[in-house]
Amino acid sequence: MSDEVEMQYELAQSRSKTFYANFDRKDELQHQTHYCPGCGHGIIHKMVARAIDELGIQNRTILISPVGCSVFAYYYFDVGNVQAAHGRAPAVGTAVKRSRPGSIVVSYQGDGDLSAIGSAEILHAANRGENISVIFVNNAIYSMTGGQVAPTTLLGQWSTTTPGGRKAENEGYPLHVSELLGALEAPVYIERAGLGDNKQIAQAYRAVRKALENQVRGLGFSLVEILSPCPTIWKMSAVDAQHWVRDVMEKTFPLGVIRDRTKEAQPRKMPEAAVSTSEIPQLLGIEHEGPAESHAAPFVRPKTTNLQVRVAGFGGQGVLLLGEVLAEAGLDAGLEVSWLPSYGPEMRSGTSNCHVRLSDEAIDSPLVVRPDVLVAMNEPSLHKFYESVRPGGWVLYNGDAMPEGCDRSDLQVLARPFMQIANQLGDRRAGNMVMLGALLECTGALSQETIDKALGRMVKNAKWLELDKRALAQGRELLRESLKEVCHEG
Amino acid sequence: MADTGKRDRGSLRIDTDECKGCGLCVEACPPKVIHLSDELNHYGYPTATYVGAGCTGCGICFLACPEPGAITVLRLAHAGSSAAKAEMSEGVGR
């Protein structure tokens with residue numbers, strides 16, 4: 001169709017503004033979700049996003065992601081996001097809603113999460129009538145872990161743990177969560193919908209929207225259960241899986257409204273707090289807020305420190321130890337520190353990295369997204385984190401020279417074959433300490449004395465300790481030399 | 001599209017990089033004007049393809065599709081709906 005013709009058309013259905021423009025979870029595939037072809041999660045995500053758009057609540061929505069395939073929902077929804085421990089989303093949602101009453105809390109959960117490990121949380125959240133909206137995605141099996149039996153698995157249904165089909169005598173009957181919650185007094189709205197055909201999908205959307213709208217109106221607890229296909233684990237084509245929802249699943253889990261008191265319900269009022277926060281110290285007989293006064297000499301902090309470091313390389317290069325020594329020494333120096341080893345769920349090929357922060361002030365998050373110093377022990381790590389380094393920051397790279405494409409002019413760089421240099425000192429495994437030496441020299445963050453003390457605690461072998469100290473000194477020297485070179489060139 | 005002088009009520013745009021070829025839109029489409037391509041996309045999936053005519057703009061394929069932006073549904077604008085055109089020229093392309 002030519003553009004000229006297309007100009008006569010207007011948008012009817014298009015990508016929701018509630019989704020991020022790019023999904024930056026992976027380097028590639030930034031436009032796709034991680035769900036399998038034909039997965040119900042994608043369809044239900046779009047329903048939630050569309051309802052948020054239509055109700056105009058994007059800026060006050062807080063989505064609680066569960067454990068399950070939809071654990072990564074926070075990569076897709078451009079709203080407030082909290083990822084809860086397995087099954088605990090309704091409890092976390094309760095806390096979020098009570099501490100931020102103006103927010104719209106959506107607890108998005110699968111059947112393993114909600115009906116098995118989280119059965120207590122959902123029951124009590126519903127029984128308290130918490131003013132939250134729960135989207136319960138039921139595909140009658142544990143899919144992310146490979147297809148084990150779930151409380152919702154149908155009688156006779158195959159799973160890896162019921163290879164002969166589910167039997168009531170052994171695994172019990174399919175759990176009807178919606179009916180169970182429908183027996184409680186507090187819930188305002190409970191409906192079971194499905195994704196089995198066009199009609200069901202349209203009804204499922206109306207239910208999702210209603211569940212969110214009820215919360216906007218302040219009415220109380222709403223839950224929509226959606227029977228959803230899992231083509232991969234059910235071992236069916238996407239279309240067959242859709243039909244299976246309609247033709248088979250629906251017989252066990254009949255669709256329809258189980259509870260609807262939205263017409264007569266009044267907006268819920270939370271009771272006033274018994275005492276205000278400011279009154280609590282007085283009630284407890286505490287005279288001073290904050291730490292007791294000390295008679296010791298006041299602690300003098302070193303000069304202002306706020307150092308964020310990312311260390312990355314292959315496993316076995318000493319990535320984590322480098323970070324640990326830095327953090328331990330920071331502790332000795334009286335700083336706030338954090339050390340966070342980082343492994344992605346699909347990064348099992350032996351790469352390793354850690355986040356280290358040293359600061360005068362309390363550390364808000366142990367994540368280092370924009371490092372001041374990047375220690376890259378191999379080329380893939382360099383490429384992965386190079387662009388994230390703060391302007392004016394340092395890159396220490398284990399290689400003869402910076403590879404092509406790494407030519408930012410706003411960074412200071414030291415590229416040396418650190419592992420080989422360590423080898424000349426006695427053992428290539430001390431390469432991490434040569435790099436740490438260079439790091440300490442370029443940041444000036446900690447005294448050599450504090451580093452030696454921390455190192456002494458962590459490295460028990462005297463021979464290694466001696467080698468590591470020489471490696472640290474060598475690293476400092478390499479950096480000083482490189483600065484001199486720059487001066488001469490300049 | 002055969003130019004009979006009368007436009008279809010709707011039209012489709014499909015992002016072939018985003019489509020995973022599940023075929024749910026093919027199944028959902030009431031006038032059956034979507035099919036799966038013979039060629040595979042960059043990621044190895046056949047992709048949904050609009051046959052080029054007959055779309056009613058009902059939007060059911062959009063609801064049935066699991067990907068956020070694989071399908072965009074367009075509807076014939078009413079005369080004088082310039083706001084809609086302005087929105088389209090700004091917002092559609094990614």
Side-chain angles (χ1 to χ4, degrees), chain A residues 1-3 5-23 28-50 76-78 195-205 228-229 231-232 237-243, chain B residues 1 3 7-13 15 17-30 42-43 45-46 50 52-53 55-79 81-94:
Chain A
M1 184 185 295
S2 71
D3 289 346
V5 174
E6 202 167 275
M7 280 307 287
Q8 300 174 3
Y9 288 86
E10 61 186 21
L11 277 184
Q13 303 274 15
S14 63
R15 201 176 200 278
S16 162
K17 292 185 176 68
T18 295
F19 288 120
Y20 287 112
N22 285 308
F23 304 145
E28 227 194 318
L29 297 169
Q30 293 208 340
H31 44 278
Q32 294 185 339
T33 62
H34 72 290
Y35 299 116
C36 306
C39 176
H41 274 308
I43 300 172
I44 300 166
H45 277 21
K46 282 167 78 176
M47 290 177 180
V48 174
R50 184 177 169 195
Y76 306 131
F77 286 92
D78 187 4
L195 300 181
D197 56 31
N198 291 347
K199 209 174 144 196
Q200 290 188 4
I201 289 173
Q203 180 56 31
Y205 172 67
S228 172
T232 303
S237 75
V239 173
D240 287 348
Q242 190 181 47
H243 292 166
Chain B
M1 186 193 301
D3 196 359
R7 303 281 174 220
D8 284 326
R9 277 178 290 158
S11 182
L12 288 181
R13 246 183 263 158
D15 182 338
D17 265 354
E18 187 162 336
C19 177
K20 291 173 178 165
C22 68
L24 289 179
C25 56
V26 178
E27 176 75 8
C29 177
H42 179 58
Y43 306 110
Y45 295 120
Y50 177 40
C55 176
T56 62
C58 69
I60 288 172
C61 55
F62 179 85
L63 285 180
C65 172
E67 289 300 315
I71 296 179
T72 303
V73 182
L74 306 167
R75 247 175 239 153
L76 198 58
H78 297 294
S81 171
S82 56
K85 282 180 192 169
E87 188 195 0
M88 191 182 83
S89 58
E90 277 175 31
V92 182
R94 279 201 304 118

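As the structure is a prediction and not an experimental result, all values here were calculated from the model. Letters go in sequence order (proteins before strands), and every chain restarts at 1.
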Considering non-hydrogen atoms only, spot the tightest contact between [X] and [Y] and give its length.
X      : Y      : result
B:C22  : A:P37  : CB-C, 3.7 Å
B:G23  : A:V239 : O-CG2, 3.7 Å
B:L63  : A:I43  : O-CG2, 3.3 Å
B:E67  : A:T33  : OE2-OG1, 2.8 Å
A:N198 : B:A28  : ND2-O, 2.8 Å
B:E18  : A:Q32  : O-NE2, 3.4 Å

Taking side chain as C-beta onward, heavy atoms only, is B:C65 less than 4.5 Å from A:K46? yes
Atom pair [atom1]/[atom2] of [X] and [Y] - distance to nearest 0.5 Å:
X      : Y      : atom1 : atom2 : result
B:E27  : A:D240 : CD    : CG    : 9.0 Å
B:T72  : A:Y9   : OG1   : OH    : 15.0 Å
A:Y35  : B:K20  : OH    : NZ    : 9.5 Å
A:I201 : B:L24  : CD1   : CG    : 7.0 Å

A:Q13 and B:C61: side-chain contact (heavy atoms from CB on, under 4.5 Å), yes or no, with the steps? CA-CA 10 Å; A:Q13 303 274 15; B:C61 55; over 6 Å; no
B:I60, part contacting chain A, at a heavy-atom distance under 4.5 Å: side chain
State which residues pass ring-ring contact (aromatic ring centres under 6.0 Å, His included) with A:Y205; sequence neighbours excluded, sorted by chain then number. none
